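First the proteins, then the strands, lettered A, B, ... as listed; each starts at 1. All values reported here derive from a predicted model rather than from experimental measurement.
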Amino acid sequence: MEQGFRRSMGWLHTWAGVVLGSVLFAVFWMGTLSVFDNEIDRWMKPATRLAPAPHGISLETFRPSLDEAIAAKAAFWNIILPNDRQPVLQLRYKTGKTFVSHEVDPASGHILPDSGTLGGTEFIFPFHYTLQIELMDLGEWVVGLAAMAMLVLCVSGVIIHRKIFAEFFTFRPYKKSRRILLDLHNVCGVLGLPFHIFLTFSGLVILGATYFPAGVTAVYSNPRAYFFDANNLSFLAVKPDRSAAPVVSLDEAATRARAMWGGDEPQTVLVANPGKASSRLAFFRVNEGHVLMDRDVVAFSGATGALISRSPPLSPVIKAQRFLSGLHLIQFHHWVLRWVYFVLGMGSCVMIATGFLFWQESRRKTQGNMFGFRLVEGLTSGSVTGIILATLAFFVSNRLLPANAHWLGQGRAALEVWVFYTVWFATFVHGWVWPRTVWLAQSAAIAVFAGNAVLLNWVTTGDHPLRTLSHRYLWPVAGMDMVLLVGAGLALLATMRLARRAGGHSSAPRQAKGGSVG
Amino acid sequence: MAFLLYCAFALVLFLAFALLALTQFTHRRSTGTAELPPERVRQARFVAGLLLCAVLCAAIYTEGGGFGVLLWAGLVSLAACAVTVVLGWRPALLAPLARLMLFSTGVFSPTHQPPGAGG
């Protein structure tokens with residue numbers, strides 16, 4: 001009975017992994033990179049590599065931009081103030097269906113030139129949970145399905161692991177490749193289990209309203225009401241008054257908001273319906289010192305400055321939801337914890353990749369020429385080394401494309417994304433057409449692309465690793481360069497080992513050496 | 001300063017997992033030390049458990065409930081991985097600790113066993 005149950009769980013684990021492993025790897029890879037999305041932005045947008053701005057920026061400095069938004073009859077105008085990870089001030093307003101967005105040097109107040117890239121925050125992070133498929137929210141649904149499968153994989157993996165405690169610390173690098181792959185898969189799976197489960201579950205909770213809309217429709221009359229409530233924007237539900245009225249002093253209102261928060265600073269300033277009598281001026285409190293995402297919002301009348309509302313204290317259920325959201329979205333500022341997330345995320349990627357590879361190694365001799373095997377083989381290379389290579393091509397293209405690049409009606413930012421997809425597609429084709437050399441060739445390509453990304457950053461911006469390491473405000477760029485160099489080194493190591501194996505110098509001497517250990 | 005504290009947490013967690021791993025026959029054999037008597041195994045696991053709890057309490061005390069628990073859970077995974085990697089590639093690095101577990105008279109009871117017994 002027990003063996004039968006374990007066997008069925010083994011079947012479930014294998015096929016859920018094989019079928020959804022590609023999506024899972026993409027989600028975990030992009031999620032892991034998103035841990036440092038702002039830092040990736042610094043690397044991809046050299047104009048934003050600024051020294052920290054002096055404290056106490058006057059919001060009135062940005063009054064001309066607000067007046068511009070009023071003249072353009074904008075629906076809203078907002079600024080996101082700089083912080084430890086984001087040295088630039090972001091300024092946005094929406095007029096009609098057009099978003100006007102600028103990055104501003106907070107020290108001088110000058111608008112920075114358009115960076116021509118989506119960077120980490122607008123491409124890598126959204127890819128993590130939408131796969132950039134916006135049609136009918138299909139991407140979010142596929143990610144949700146993969147996340148559910150991940151939870152199933154975690155539970156079934158624990159059930160089928162015969163010696164979970166006896167082999168808790170077991171990793172035998174001198175055994176045969178199949179054994180090493182299984183050991184790595186088990187080590188990354190078991191030791192990172194709390195991370196896999198909490199991150200997957202919290203991701204599902206964040207997108208819960210998409211997957212389980214019945215709860216929302218039962219409580220709210222329309223999706224707009226839910227959106228306002230969920231984002232502490234209830235102050236926006238106001239009867240429109242189109243008569244003109246100037247917006248009160250932003251600095252005075254900010255001082256009152258600070259006093260209400262006991263001295264805490266605002267992160268975002270929002271003016272809804274600017275220039276109208278019914279306008280609202282809202283301040284969103286900075287929330288970088290807690291895991292819990294409590295967006296305390298103070299809203300004033302934009303025309304009179306009268307206090308309209310302040311977010312009510314969170315109920316225990318909402319607190320739990322916001323804690324899980326905070327745990328997943330990592331908006332807090334804790335550098336050590338951020339790096340821990342990054343390393344554990346990489347561990348998740350290793351677990352998924354080794355699962356795929358173990359499946360192949362187990363069947364290569366008996367099913368190597370079958371269509372299904374060849375299909376999964378190509379899928380694996382495209383999903384694992386392929387997406388890594390595509391991401392690196394995205395970075396390299398960012399440093400190579402000229403500032404005003406334009407081709408076939410596509411702007412610079414879109415061209416970078418096209419490079420990503422073209423390279424990614426090519427890696428799948430490569431995997432299907434030349435399966436024998438795919439791992440070797442793609443590992444070598446990863447080493448070359450990662451090394452060249454660092455070199456190109458140096459050549460195009462003058463920010464070489466020694467310079468970035470010696471200036472505190474350039475550490476995000478230094479960190480990105482270091483990760484790229486470590487990645488290049490590891491890929492080179494993998495390439496050399498694969499080349500040795502392909503060249504007939506099998507690992508026999510190492511196995512013999514391994515026999516003497518222990 | 002905070003960074004040094006996190007390093008201390010990681011080191012203590014590494015020690016706790018090393019103690020747990022070195023109560024297992026396979027890993028004692030890979031470090032070239034004798035198997036532990038059952039009583040000593042229980043004591044080592046108890047000390048490891050205490051160390052894990054102590055770091056959790058210290059992390060919550062210094063970082064607060066949210067960050068403390070997350071930091072502890074993350075470092076637990078990384079420390080356990082580090083022990084696994086050391087046992088895989090350089091088990092000899094843990095041999096002094098394995099021998100200390102056998103002969104120490106401080107925390108552990110003074111039951112001595114000759115090297116190689118049971119290994």
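Proximity to chain B (any heavy atom under 4.5 Å) is shown, for A:Phe198, by neither the backbone nor the side chain. For a residue to count as touching a neighbouring chain, one of its non-hydrogen atoms must lie under 4.5 Å from one of that chain's; by this rule B:Phe17 touches chain A with backbone and side chain alike. For chain A, the nearby parts of B:Ala80 are the backbone and the side chain; heavy atoms of each come within less than 4.5 Å.
The environment of A:His161 atom NE2 is dense: over 12 non-hydrogen atoms of other residues, nucleotides or ligands sit within 6.0 angstrom. Residue-environment remark: CZ (A:Phe342) exceeds the threshold of 12 foreign heavy atoms within 6.0 Å. Heavy atoms of other residues, nucleotides or ligands lying less than 6.0 angstrom from OH of A:Tyr473 number more than 12.
Atom CH2 of A:Trp339 is separated from atom CG of B:Leu78 by 12.5 Å, given to the nearest 0.5 angstrom.
Your options are A:Leu327, A:Val187, A:Val340, and the one with the most heavy-atom pairs under 4.5 Å with chain B is A:Val340. Interface remark: of the candidates A:Val190, A:Leu193, A:Asp183, A:Thr170, A:Thr170 forms the most heavy-atom pairs closer than 4.5 Å to chain B.
Across all their heavy atoms, A:Phe168 and B:Thr84 have their closest contact at O-OG1, 4.3 Å. Between B:Ser77 and A:Gly192 the shortest heavy-atom distance is OG-CA, 4.1 Å. Across A:Phe169 and B:Ala21, no two heavy atoms sit closer than the pair CD1-CB, 3.5 Å.
Looking only at side-chain heavy atoms (C-beta outward), B:Leu71 and A:His334 come within less than 4.5 Å of each other. Under the 4.5 Å side-chain criterion, counting only non-hydrogen atoms from C-beta, B:Leu87 is not in contact with A:Phe171.
Ring-plane geometry between A:Phe332 and B:Phe67 is classed as perpendicular, the angle between the planes exceeding 60 degrees on a 0 to 90 degree scale with a lower cut at 30.
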